[in-house]
There are 2 protein chains.
Amino acid sequence: MAGEETRKRILIAAEQLFAERGISSTSMRALTNAAGVNLAAAHYHFGSKEALLDAVIEFRATPMNLARIAALDAHVAERGDEPLQVDCIFRAFLMPAIRSVIESPEGAAHLPRLFARLEAQPPEILEAIYRRHIGDVTRRFIEALQEALPDLPKELIAERFRLAMGSIFTLFSGNSELDFIPGHSPHVVSIEEKLESVIAFVSGGISAPASARRAPGQRVEENSP
Amino acid sequence: MAGEETRKRILIAAEQLFAERGISSTSMRALTNAAGVNLAAAHYHFGSKEALLDAVIEFRATPMNLARIAALDAHVAERGDEPLQVDCIFRAFLMPAIRSVIESPEGAAHLPRLFARLEAQPPEILEAIYRRHIGDVTRRFIEALQEALPDLPKELIAERFRLAMGSIFTLFSGNSELDFIPGHSPHVVSIEEKLESVIAFVSGGISAPASARRAPGQRVEENSP
DNA sequence: GTCTATAAAAGGATAGAC
DNA sequence: GTCTATCCTTTTATAGAC
């Protein structure tokens with residue numbers, strides 16, 4: 001019965017270290033030391049490092065998925081017969097992730113960065129985790145975006161949603177403030193400002209005309225339907 | 001003198017394996033075996049795995065940088081006094097990378113994916129590589145985008161360029177065709193179509209209004225649970 | 001410059017006592 | 001359920017013969 005406590009401490013330490021230092025460069029030893037538990041206990045509870053990763057994702061993704069769907073439902077209900085709004089859909093998708101950082105209940109602060117780290121995993125592992133833990137929610141959000149942007153091909157929306165995830169992951173990868181461009185030291189902003197910044201970007205991107213090629217003379221300005 | 005040949009074979013094998021399987025999960029052994037050279041030779045020529053990575057980037061980035069600047073200069077010259085066009089700036093940035101895939105001179109086909117893999121490196125290494133090999137070129141492209149979008153704050157353009165890089169990396173990470181969303185099997189498209197698709201997305205994103213929050217009247221509720 | 005051989009360390013995983 | 005001790009594999013890196 002004390003095993004439940006051990007299990008949870010392993011999950012939380014794993015989440016933090018996977019997020020901060022990357023998954024493959026975090027050893028089971030480092031992780032169990034940080035958790036203050038024995039190395040063998042981790043294998044007893046989870047079986048393998050890969051299974052532990054999956055358990056960490058499940059541990060956090062389940063409540064986040066519920067919050068995301070609730071936020072999307074709230075927007076749908078609020079709009080009634082009016083068309084859905086792209087930026088609100090993205091906000092519904094991102095706020096639950098951000099809120100975990102802001103409120104940080106028992107250390108969920110590393111969740112967005114953990115998802116960013118997942119992208120570096122081998123495709124089989126990445127696909128399995130996505131399919132198990134975020135596939136259904138992602139599909140619902142893509143459908144909402146397709147409804148909000150009826151003039152664009154549905155397939156295009158789905159593709160662009162993946163590109164939007166790329167921007168979002170970059171923002172939370174911990175590398176987005178890198179100071180490598182001569183003359184452009186990045187200014188640090190709050191997480192809420194980051195959120196609105198990336199929402200503006202991905203909303204503009206997903207709403208863009210179907211091709212970037214434009215007739216000569218046309219301005220590169222408007223992009224909302 | 002034969003050392004030069006060995007050196008080059010190591011560079012090319014490293015580029016391919018780093019790109020395909022990731023950097024930290026590619027061992028020096030796997031890499032030297034693929035190159036058909038001795039493990040010790042790699043350490044003789046490069047000193048360490050980290051230094052080898054830097055050499056691989058330099059090997060490819062140098063000609064790509066020249067091509068990128070040339071393409072940007074060509075667009076600037078072509079426009080004369082007319083304002084620069086966002087999509088053309090991104091095309092100048094991306095075409096040289098894509099062309100390496102299409103033409104594949106001596107196996108440069110893995111370059112875009114290699115850059116995507118770099119994102120998973122620890123921040124210090126990533127920052128050092130970016131600063132050394134792509135900082136100056138990136139700065140020039142950001143300045144061109146700032147010129148093309150005079151109504152947006154310069155700082156915002158620089159931030160959004162980083163988000164655009166996130167989308168681009170995702171497209172080339174090898175994970176962008178993952179089939180994890182129920183009912184949305186991604187259709188495979190040519191590299192040129194991918195290019196135009198991502199150009200449309202990032203052009204729309206970087207040109208978006210400064211905030212996603214809309215003017216009063218189109219009021220937007222925050223989704224509190 | 002290139003090889004063999006090996007050091008030295010770190011990794012995931014397990015057996016078996018308690 | 002938890003611990004110690006250990007196995008086995010893989011890793012980066014180097015010493016030294018050729």
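Predicted model, so just to flag it, every value in this text is computed and none were measured. Per chain, numbering begins at 1; letters A, B, ... match sequence-line order.
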What nucleotide, of D:dT14, C:dG1, C:dA13, holds the atom closest to the side chain of B:Y44?
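Out of D:dT14, C:dG1, C:dA13, the nucleotide with an atom closest to B:Y44's side chain is C:dG1.
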Under a 3.5 Å cut-off on both pairing distances, which runs of 3 or more consecutive Watson-Crick or G-U pairs involve DNA chain C?
C:1-10 with D:9-18, C:12-18 with D:1-7
Could you state the [atom1]-[atom2] distance from [X] to [N], rounded to the nearest angstrom?
X     : N      : atom1 : atom2 : result
B:R21 : D:dT11 : CZ    : C1'   : 15 Å
B:L52 : D:dA13 : CG    : P     : 10 Å
A:R29 : C:dT14 : CZ    : P     : 13 Å
A:L31 : C:dG11 : CG    : P     : 11 Å
A:E4  : D:dT2  : CD    : P     : 10 Å
B:N33 : D:dT10 : CG    : P     : 13 Å
B:F46 : C:dG1  : CZ    : P     : 12 Å
A:I10 : C:dA13 : CD1   : P     : 13 Å

Evaluate whether atom CD of B:E50 has more than 12 neighbouring non-hydrogen atoms of other residues, nucleotides or ligands under 6.0 angstrom away.
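Incorrect, the count does not exceed 12.
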Give the C-alpha distance, both sets of side-chain angles, the deciding distance and a yes or no for salt bridge (Lys or Arg N to Asp or Glu O under 4.0 Å) between B:E143 and B:R139.
CA-CA 6 Å; B:E143 286 168 359; B:R139 183 180 47 75; 3.2 Å; yes
Check this one for me: any side-chain N or O of [X] less than 4.0 Å away from OP1 or OP2 of [N]?
X     : N      : value
A:H43 : C:dT14 : no
A:T6  : D:dT2  : yes
B:S27 : D:dT10 : no
B:N38 : C:dG1  : no

Take the angle between the ring planes of A:Y130 and A:F115 and call it parallel below 30°, perpendicular above 60°, tilted in between.
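Correct class here is parallel.
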Side chains of A:H133 and A:D54: any donor to acceptor distance under 3.5 Å?
yes
For A:T170 and A:S176, test the side chains for any donor-to-acceptor distance below 3.5 angstrom and give the result as yes or no.
no
Is the closest basic N to carboxylate O distance between B:R140 and B:D136 below 4.0 Å?
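Looking at B:R140 and B:D136, the cut-off is not met.
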Distance under 6.0 Å and angle within 45° of ring axis: A:R68 vs A:F93
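Pair A:R68/A:F93 counts as cation-pi.
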Mapping A:A40 and A:S25 to their closest nucleotides on DNA chain C, which lands nearer the 5' end?
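Its nucleotide being nearer the 5' end, the pick is A:S25.
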